[in-house]
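First the structure, in the form of structure tokens, and then the observations on it.
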Amino acid sequence: MEPKTPGFVSRTTLGVLTDRRQSISSGDASLVIPTSTPNVVVVKCVSKALAEPVGTIKYKSQFDDEWPIFLKGKVDESTFRHTIDGINFFADLLHEAEVELYAEKLQIYDAWKATHEFQAKEEQRSRIVVQLCRERGWGLPPSLLTRPRITTDKELRKYQQHIARCLGNFIHDENEKHYTSKGIQWYSPEKNSWKWLEIHILPADIAEKAKDLDSASAKIFQPDPKTPEFGDAVKIQVSDPIDVGDHTEYLVTITTNKSNFYPYLHHRTLRRYNEFKDFADDLTVEMARHNIYMQLPPIPEASFIGRKSKDTIKQRMLAFQELMNACARAPICDLPCMFKFLGVKPHVGGWRFVQYVTAPDVANQPESSSPMSPKFKQR
């Protein structure tokens, strides 16, 4: 029997923004997604299959990225794509946070037990890595989207509010930079319980007035992100064996400038012998599936006796380093199992939007007379 999420809307195949949706759907069961008109373009939230199910979640919510017909001739496709990609970037962050809370609440079920154990173990490893960095004077590796694991409803609500503010700032800036001058205004999907978002095409006279007011409105947060200098370099170093009780873990440091690793361009994590061994087996299967023919360096045989001796640890660490040297070459470093093993969850193109998440919240923002304020809403 599929577990129901305590305190959540029963939606175990779609885990996005539950609390906020529940508050609206429970209060208004008649909420119906409207259809687009020439004056109000409706972009619906659709379900997209995950590459690999998490617990009982098989899908995530994303806003449809098809270029609306009513915007053609008014705004170019690349501008629309940038805005919708940014909104979906924030939806992804909320999806990840909610998955963590599902795992915490449903860990007693077999479907979620492994996910919760993995998340808790990675959190403990992160604390060890931070402590090790401080002790060695390395400086903490920059991780742009680092935050505490979500384990309570209160933490999720607080994070939802933070992301909603970041999204509001992003949409405000997109309107100001690209749309207001063309008589077009985007509105946050939050007001529609994340089921759809609206793009208003204003009448010419109101659009002109909105343009004048918006140009004089207070700037919330408008970063000017520069494209990072991406390349093809990948370096993976295995070092610093750490005794964590009944086994030894090895520090794995990834340094890269590849765009598909962003924001994990410099990342540290811990891995143990069994994980290296399983990764080598998974990698062999994945390479065959992608027609990649290359002999991988062997992993030493497992041995319970003497596994913590200096010679065994040194031998294993050298073997792991040889394996990582092979994996750092294209096309192996781009395989999905590689990202999974390294604990890397990239946001390709996220460099354009992550500044909104890492910027401090702007408190007590003055009410703007921009077209995003209620007086300019078209109904």
Side-chain angles (χ1 to χ4, degrees), residues 36-46 62-94 163-192 194 196-228 259 262 347-359 361-362 365-379:
S36 292
T37 68
N39 294 326
V40 180
V41 177
V42 173
V43 180
K44 297 179 181 179
C45 191
V46 297
Q62 293 275 276
F63 287 93
D64 192 354
D65 59 3
E66 183 178 351
W67 192 19
I69 189 171
F70 292 119
L71 290 185
K72 294 181 179 179
K74 294 181 173 62
V75 63
D76 60 88
E77 185 176 4
S78 61
T79 301
F80 167 80
R81 191 79 56 198
H82 179 275
T83 306
I84 202 69
D85 286 350
I87 293 171
N88 282 330
F89 170 82
F90 292 106
D92 276 344
L93 296 183
L94 288 171
I163 294 300
R165 286 191 294 270
C166 296
L167 175 59
N169 291 347
F170 170 72
I171 291 177
H172 174 277
D173 289 346
E174 288 292 285
N175 282 330
E176 189 177 76
K177 288 186 285 187
H178 304 297
Y179 297 102
T180 300
S181 61
K182 299 174 183 178
I184 298 171
Q185 290 294 302
W186 289 64
Y187 291 86
S188 174
E190 186 189 22
K191 74 185 186 72
N192 299 320
W194 292 85
W196 76 90
L197 63 83
E198 296 176 1
I199 308 170
H200 290 199
I201 302 175
L202 306 176
D205 56 336
I206 297 182
E208 189 62 31
K209 184 178 179 182
K211 177 181 176 181
D212 294 339
L213 288 171
D214 195 60
S215 63
S217 64
K219 178 175 164 182
I220 297 180
F221 176 74
Q222 193 174 63
D224 184 20
K226 300 284 190 294
T227 305
S259 61
Y262 188 88
H347 290 275
V348 179
W351 61 269
R352 297 172 295 176
F353 318 116
V354 74
Q355 291 86 349
Y356 289 92
V357 181
T358 57
D361 285 337
V362 179
Q365 298 172 2
E367 184 178 352
S368 169
S369 296
S370 73
M372 291 195 68
S373 61
K375 67 178 73 174
F376 285 101
K377 290 185 180 180
Q378 303 297 304
R379 294 297 180 192

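Excluded from the calculations below are hydrogen atoms, water molecules and symmetry mates; all remaining heavy atoms, backbone and side chain alike, are included.
- For Phe90 and Phe353, the gap between ring centers reaches or exceeds 6.0 Å.
- No donor-acceptor contact under 3.5 angstrom links the side chains of Glu174 and His172, judged on distance only.
- Here the straight-line distance linking atom NE2 of His178 with atom OG1 of Thr180 works out to 10.5 Å at 0.5 Å rounding.
- Atom CD1 of residue Ile163 and atom OH of residue Tyr356 lie 13.5 Å apart, to the nearest 0.5 angstrom.
- Using a 4.5 Å heavy-atom threshold, the side chains of Ile201 and Val41 count as touching.
- For the atom pair Ile87 CD1 and Ser188 OG, the distance stands at 7.5 Å (nearest 0.5 Å).
- In this structure the side chain of Trp186 reaches within 4.5 angstrom of the side chain of Phe80, judged on heavy atoms.
- Taken to the nearest 0.5 Å, the NZ atom of Lys177 stands 11.0 Å off from the OG1 atom of Thr79.
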Are Glu77 and Lys72 close enough, and set up right, to give a salt bridge (Lys or Arg N to Asp or Glu O under 4.0 Å), and what steps lead you there? CA-CA 8 Å; Glu77 185 176 4; Lys72 294 181 179 179; over 6 Å; no
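- Counting heavy atoms from C-beta outward, Glu190 and Leu167 have side chains that stay 4.5 Å or more apart.
- A 4.5 Å side-chain heavy-atom check between Gln185 and Glu198 finds every atom pair outside the cut-off.
- Counting heavy atoms from C-beta on, the side chains of Ile184 and His200 never come closer than 4.5 Å.
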Result block: side-chain N/O donor-acceptor pairs under 3.5 angstrom for residues 63-71, not counting sequence neighbours:
{"residue": "Asp64", "atom": "OD1", "partner": "Glu66", "partner atom": "N", "Å": "3.1"}

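- The side chain to side chain donor-acceptor pair (under 3.5 Å) check on Asn88 picks up nothing, with sequence neighbours excluded.
- Counting heavy atoms from C-beta outward, Gln62 and Asp92 have side chains that approach closer than 4.5 Å.
- Remark: Thr37 engages no residue in a side chain to side chain donor-acceptor pair (under 3.5 Å) (not counting sequence neighbours).
- Put simply, the side chain of Asn192 never gets that close to the backbone of Trp194: no donor and acceptor are under 3.5 Å apart.
- A distance below 6.0 Å separates the ring centres of His347 and Phe89.
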Check against side-chain contact (heavy atoms from CB on, under 4.5 Å), Lys44 and Leu197: CA-CA 7 Å; Lys44 297 179 181 179; Leu197 63 83; over 6 Å; no
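- Taking the centre of each ring, Trp196 and Tyr187 stay at or above the 6.0 Å mark.
- Between the side chains of Thr83 and Tyr179, at least one donor N or O lies within less than 3.5 Å of an accepting N or O.
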